[in-house]
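Right, I'll just put the structure down here and ask away after.
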Number of protein chains: 2
Amino acid sequence: MNEELKEAYGFLFEKELLNEIDEVGTIKRMKAGETIIEIGDYVTGMPLLINGAIKILREDEDGDELLLYFIERGDTCAMTLSCCLGQSKSEIRAVAETDTTFVMIPVAKMEEWTSRYKTWRNFVFQAYHARLSEMLDTIDAIAFLNMDQRLMRYLRDRAKIKGDDLIQSTHQEIAYDLHTSRVVISRLLKKLEMEGKISLQRNQIKVIDL
Amino acid sequence: MNEELKEAYGFLFEKELLNEIDEVGTIKRMKAGETIIEIGDYVTGMPLLINGAIKILREDEDGDELLLYFIERGDTCAMTLSCCLGQSKSEIRAVAETDTTFVMIPVAKMEEWTSRYKTWRNFVFQAYHARLSEMLDTIDAIAFLNMDQRLMRYLRDRAKIKGDDLIQSTHQEIAYDLHTSRVVISRLLKKLEMEGKISLQRNQIKVIDL
DNA sequence: TTACTTTTGTAACCATTGTTACTGCAAAAC
DNA sequence: GTTTTGCAGTAACAATGGTTACAAAAGTAA
């Protein structure tokens with residue numbers, strides 16, 4: 001049995017289910033920045049995240065992006081899950097935020113386990129629950145917050161997920177995630193630096209106190 | 001067996017499950033405008049919508065509202081569902097959009113049925129799926145559309161749900177749903193009227209061609 | 001070193017949306 | 001009928017965020 005799998009999911013699933021996962025699942029590893037699922041792709045499996053983090057993005061017709069939320073260890077992508085059950089194409093893009101490891105479960109098994117294992121069923125429900133909550137948070141942020149507050153939230157999230165106060169990206173990349181322009185982000189970052197909340201260098205932002 | 005229940009859910013659930021629903025569920029009727037669930041309420045049951053429509057709203061700390069989506073016949077509120085399983089308080093407000101009839105199912109039964117009935121399980125998954133989709137649409141609207149397009153979308157939705165081109169509300173009510181101000185809505189409605197897309201009277205909007 | 005590319009800083013300006021304030025009108029209450 | 005209340009129309013202005021344009025700085029390659 002794969003050790004990483006056991007470590008990440010051992011406390012959730014019984015031995016029997018873990019064995020089945022180990023048997024039919026395939027371990028995948030992705031480098032930070034690689035695209036895991038593209039919009040419109042047929043969803044062939046469901047990823048159980050073992051290590052790292054994945055960011056989930058939405059896109060409109062013009063190709064404008066928006067970050068929806070991050071997925072971390074012990075989580076799965078309920079959106080993918082949802083697509084699996086509906087046999088439909090992906091409505092979102094998934095990109096590795098850090099180097100990641102996950103187990104890919106074939107669609108067919110998911111269905112079967114849902115009736116056989118109570119722990120699996122609970123896991124799936126809890127995944128849906130978590131995703132709905134994240135979506136609500138995202139909606140709150142877009143609808144109720146100004147860009148400066150959204151930016152602060154974003155920086156906090158990124159720092160937390162990386163477990164490090166140093167965020168390595170360009171202003172342009174942040175602008176894509178928040179669906180705004182580079183100039184706006186530069187402007188607001190400068191303001192945050194003036195307020196002593198962050199410090200700026202080329203390609204990196206250090207979170208001091210957000 | 002309740003006839004309305006059979007009519008709305010007969011094609012989804014087997015006879016046995018329908019009987020159980022009929023037995024433990026209580027039929028509720030609400031007038032348009034009545035609040036069904038308030039934010040912070042403990043969720044004691046899950047509503048299966050038989051007739052009418054319910055609108056689901058989100059609120060921020062300042063009491064500012066935002067319409068998330070509508071629920072129609074044959075649907076349930078996945079948010080409520082999610083709260084049930086998590087034993088938590090409601091994160092949203094549900095208000096009857098039209099006069100509505102629904103069956104309230106006690107939380108305990110839900111869990112039980114999830115393991116016993118495949119049809120129920122599918123129904124629950126499909127409800128989650130539908131809700132995630134609606135949330136995505138909502139996010140798209142807020143993030144990618146301007147207020148005039150959001151307003152058109154809103155009017156179309158309301159007309160469709162009511163099955164009638166005549167929408168009865170004040171500009172202020174619309175402003176609340178879209179989380180903007182009355183003046184902005186009046187301005188945009190006037191523009192739509194100029195363009196021949198709607199006609200305006202006090203307390204009502206007639207959709208002509210949106 | 002120099003030349004080139006990428007990233008960031010900044011100013012000036014525009015567009016959309018939000019705010020305040022006031023008016024006229026319609027319906028309901030008296 | 002008159003008065004009162006709530007709704008809608010509109011103007012003027014403010015705030016936020018988006019756009020264009022250009023310069024300076026930092027990093028990379030030659």
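Everything numeric in this text was worked out from a predicted model, so none of it was measured.
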When you look at OH of Tyr176(B), are more than 12 heavy atoms from neighbouring residues, nucleotides or ligands closer to it than 6.0 Å?
no

Aromatic ring pairing Tyr128(A)/Phe125(B), orientation class (parallel under 30°, perpendicular over 60°, tilted between)
tilted

Sort out for me which residue in Glu61(A), Glu59(A), Arg58(A) forms a side chain to side chain contact (heavy atoms under 4.5 Å, CB included) with Phe144(B).
Arg58(A)

Please work out which residues in residues 173-192 of chain A have a non-hydrogen atom less than 4.0 Å from an atom of DNA chain D and list them by number.
Thr180(A), Ser181(A), Val183(A), Val184(A), Arg187(A)

Given atom CE of Met147(B) and atom P of dT19(C), what is their separation to the nearest angstrom?
11 Å

Would you tell me whether Ser169(B) and Arg158(B) have side-chain atoms, one donor and one acceptor, within less than 3.5 Å of each other?
yes

Looking at CD1 of Ile185(A) and NZ of Lys190(A), how far apart are the two atoms once the value is rounded to the nearest 0.5 Å?
14.5 Å

Can you say whether the rings of Tyr9(A) and Phe13(A) are parallel (under 30°), tilted (30 to 60°) or perpendicular (over 60°)?
parallel

Residues at least two apart in sequence or cross-chain that pass salt bridge (Lys or Arg N to Asp or Glu O under 4.0 Å) with Arg29(A), listed by chain then number, are Glu4(A)

Could you check whether Tyr69(B) and Asp137(B), counting side-chain N and O atoms only, form a donor-acceptor pair closer than 3.5 Å?
no

Taking 5' to 3' order, which nucleotide of DNA chain D is first and which is last to have an atom within less than 4.0 Å of a heavy atom in chain A?
dG17(D) to dG27(D)

Starting at CD of Gln204(B) and ending at C1' of dA26(C), how long is that distance when rounded to a whole Å?
13 Å

Taken to the nearest whole Å, CG/Leu200(A) to C1'/dT10(C) is 14 Å

Output the rounded distance in Å from CG (Asn203(B)) to P (dA26(C)).
13 Å

Take Arg202(A) and Glu193(A), find for each the nucleotide of DNA chain C with the closest heavy atom, and name the residue whose nucleotide sits nearer the 5' end.
Arg202(A)

Once you round it to whole Å, what is the distance between C1' of dT16(C) and CG of Leu151(B)?
15 Å

